[in-house]
Structures are given as C-alpha cells and as structure tokens.
Amino acid sequence: MNSLTDLTFLIPIRIDFPEREENLTTVLHSLYTSTHANIIILEADKIPLYRVRIADPRISYVFIQDNDPVFHRTKYLNILLQKTETPYAGIWDSDVLISNNQIEKGVDVLRKGKTIFCFPYDGHFYGMDELFSREFRQNNNFNFLLKNKHHFHLMYGCNAVGGAFLAHREMYLNCGGENEHFYGWGPEDSERVKRMEILEYTPYRIDGPLYHLYHPRGRNSFFFDEQKELSNRKELLKICSMDKATLLNYIQSW
C-alpha cells in the first residue's frame, strides 16, 4: 500500500441520485484501502443524505446546509482546500477511479517540485455504462477496468481536464484556488488549466487512464439556465484574454 500521508483527497458532493451515493462509497473504499491519505467529504444540501460507512480518523465528513438548487462546487472546494492540513491535495469527483500507481507518481512529481499542478492521468477519461459500473461496484477490481476498457467510451476526447487533479495546496491557493465566479456546472476545468498556464505553472500528466462510473445526469450536470451558462462562458473568455500580471491582479480581487 502506498503511504501518501502528505496527501488529502477532497470530495464535494450532492446526492441527486442513488447511483451517486453508490459511486462515492465505491470511490471512497478504493482510496481508503489503497493509500494512507486523508479524505474529506463535504456534502452541501438541504439535509444530509450521505453516510460514511468507514469509521477511521483519516476520513472526515462535513455537512453544510444549502437550499440553493445550484451546487456551487468551486466555493465548496475552496472551503475544503482551507480545511486541508497536508501539503498536497487531490481534488476528486465522487464518481472517478484512478490506479494507485498513477496517484503515487503524480504526488511524487509534486514532491520533486516539477510542477504545482498534476493530472494523474493522460487525458483519456473513460465513461462506463450502467452495467459495467454495477459490476465494478461489486468486484472493485482494477484489472476488470483494464480488461474491458475497449467497451468504454471516451467522454471528452483524448485531452480531458476534469475528474481529478493533484496540487501543491498552498501554491495552488496562491494562484487563486478555485474560481468561484464559476457557479454551477460550467467550464471551470478548462479555466483552471488556462490559469495555471498563464501563471507559468504548466500542468503535468501521468500515463494511464481515468474511469468514470455511471450516474444519471441531473440539473447540476448541465448548465442550469441560459444566463448562468453565459456568465460562466464569459468568465472563461475573460481569463483566457489575460496576461500574467493582469491575472495576478484579478486574483487579488477574489
């Protein structure tokens, strides 16, 4: 088992479908059994719906009451980043699976100072259908994923930038952390990469894929409405148009 005691996985959630709960339990089991990293789950909703089934001080659960139908993920990730006490943080979706070896290599890149921002996968982000997802939840075997990869579909081409990333916590916060101008579902994954590039912290990639467990797509898996979509897209274009000095100045206003 890899130690990774200097890493904390951060998982913000809203349980909108039963599959979300099942997926998070599967992901949590995978991270807990394969590493000694800390894990913080933050649930934001009207009432708490998720129950952590593993009793261990390495796993923390935070509930924030939130009646807003829009899940403000960037805000909650910044709260999690502030709560983190380890030097490195893993920002994780509640439905994604990555091999321990890739995670360990990614953290090692951060430890060696090669970058402050790393994707522990190579851009191939495979989506599983309902049947394969159900089977994996039952067996929790990564060999099953490798054996059946040809049955899965690439969700975002060959250069995906979502799902999971690793960061030097303090330096990432100095770069603005999560951009809370992105409210609800939107292109914050692309903005994050562009911001790192403008600030001259080129993201690093680790060989190997990322896998996504199936869940139905609710209102927080799409643009909530036309106005919020336009606002989020404008924020992305605004960041893309900035040079380093302008961006650093803008971050100071967050």
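The structure displayed is predicted, hence computed values, not measured ones. Counting begins at 1 with the first residue of the sequence.
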Please assess K244 against L199 for the test side-chain contact (heavy atoms from CB on, under 4.5 Å), listing each intermediate value before the final yes or no. CA-CA 6 Å; K244 182 177 180 180; L199 296 176; 4.2 Å; yes
Evaluate the criterion side-chain contact (heavy atoms from CB on, under 4.5 Å) for residue pair I116 and C175; output intermediate values, then yes/no. CA-CA 10 Å; I116 68 164; C175 293; 3.9 Å; yes
Take S94 and N23 through the test side-chain contact (heavy atoms from CB on, under 4.5 Å) and record every step on the way to the result. CA-CA 7 Å; S94 59; N23 290 350; 5.8 Å; no
Go through the steps to decide whether I54 and I39 satisfy the test side-chain contact (heavy atoms from CB on, under 4.5 Å), and finish with yes or no. CA-CA 11 Å; I54 303 171; I39 304 168; over 6 Å; no
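The closest donor-acceptor contact from the side chain of N148 to the backbone of L145 lies at 3.5 Å or more, if one exists at all. In this structure, the side chain of H153 engages the main chain of G127 through a donor-acceptor pair within 3.5 Å. Looking only at distances, no side-chain donor or acceptor of R195 sits under 3.5 Å from a matching main-chain atom of I239. In this structure, the side chain of S30 does not engage the main chain of T26 through any donor-acceptor pair within 3.5 Å. D129 places no side-chain N or O within 3.5 Å of a backbone atom of Y214 that could act as its donor or acceptor partner. In this structure a side-chain-to-backbone donor-acceptor pair under 3.5 Å is missing from D207 to D122.
Cluster annotation: L236 and M242 are assigned to distinct hydrophobic clusters (Ile/Leu/Val/Met/Phe/Trp/Tyr, side-chain heavy-atom contacts under 4.5 Å, transitive). In this structure, I206 is not a member of the same hydrophobic cluster as L154, with clusters built from ILVMFWY side-chain heavy atoms closer than 4.5 Å. Two different hydrophobic clusters hold V109 and V161 under the rule that ILVMFWY side chains link at heavy-atom gaps under 4.5 Å. Y121 and V96 end up in the same hydrophobic cluster when Ile, Leu, Val, Met, Phe, Trp and Tyr side chains are linked at under 4.5 Å. In terms of hydrophobic clustering, with Ile, Leu, Val, Met, Phe, Trp and Tyr side chains grouped at heavy-atom distances under 4.5 Å, L10 and F119 are assigned to a common cluster.
Counting heavy atoms from C-beta on, the side chains of I251 and L247 come closer than 4.5 Å. Between E135 and N139, the closest side-chain pair of non-hydrogen atoms falls below 4.5 Å. Residues L4 and E104 have side chains in contact (heavy-atom distance under 4.5 Å, counting atoms from C-beta outward). At a threshold of 4.5 Å between non-hydrogen side-chain atoms, the residues D68 and Y183 count as touching. With a 4.5 Å cut-off on side-chain heavy atoms, W92 and L24 do not count as touching. Here the side chains of C158 and H124 are in contact, with some heavy-atom distance below 4.5 Å. Inter-residue side-chain proximity for V27 and F9 is flagged as unmet; no heavy-atom pair is nearer than 4.5 Å. The side-chain heavy atoms of N38 and L7, taken from C-beta on, include no pair separated by under 4.5 Å.
Ring-centre distance between Y172 and F165: below the 6.0 Å cut-off. Checked against a 6.0 Å centroid threshold, the rings of H181 and Y250 count as neighbours. Residues F125 and Y156 bring their aromatic ring centres within 6.0 Å.
Shortest non-hydrogen contact noted between P203 and T115 is CA-OG1, 4.4 Å. Here the shortest heavy-atom pairing between P120 and A164 reads CD-O, 3.8 Å. Taking each heavy atom of G162 and L210 in turn, the nearest pair found is O-CD1, 4.3 Å. The two residues Y126 and K149 come nearest to each other via the heavy atoms CE1-CD, 3.5 Å.
Rounding to the nearest 0.5 angstrom, the gap separating the NZ atom in K105 from the OG atom in S99 is 8.0 Å. Atom-to-atom distance recorded for L166:CG and Y204:OH is 13.0 Å, nearest 0.5 angstrom. The NZ atom of K238 lies 9.5 Å from the OG atom of S231; values are rounded to the nearest 0.5 Å. Rounding to the nearest 0.5 Å places OH of Y201 at 14.0 Å from CD1 of I198. Rounded to the nearest 0.5 Å, atoms CZ (R53) and NE2 (H29) are 12.5 Å apart. Atom OG1 of T35 sits about 5.5 Å away from atom CZ of R58, to the nearest 0.5 Å.
A cation-pi arrangement, defined by a distance under 6.0 Å to the six-membered ring centre and an angle within 45 degrees of its axis, is absent between R169 and Y88.
Listed by chain and residue number, D108, K114 satisfy the side-chain contact (heavy atoms from CB on, under 4.5 Å) test with K112 (two or more places apart in sequence, or in another chain).
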Result block: side-chain N/O donor-acceptor pairs under 3.5 angstrom for residues 73-81, not counting sequence neighbours:
from	atom 1	to	atom 2	distance (Å)
R73	NH2	D93	OD1	2.5
T74	OG1	H72	NE2	3.3
T74	OG1	F182	O	2.8
Y76	OH	D66	OD2	2.6
N78	OD1	E178	N	2.8
N78	ND2	E178	O	2.9
N78	ND2	E180	OE2	2.8

Would you give me the side-chain donor-acceptor pairs under 3.5 Å for residues 42-50, sequence neighbours excluded?
from	atom 1	to	atom 2	distance (Å)
E43	OE1	L49	N	3.3
E43	OE1	Y50	N	3.1
E43	OE1	Y61	OH	2.5
E43	OE2	L49	N	2.8
E43	OE2	Y50	N	3.4
Y50	OH	T25	OG1	3.0

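Salt-bridge formation is not detected for the pair E19/R134: no Lys NZ or Arg NE/NH1/NH2 atom is positioned less than 4.0 Å from an Asp or Glu carboxylate oxygen.
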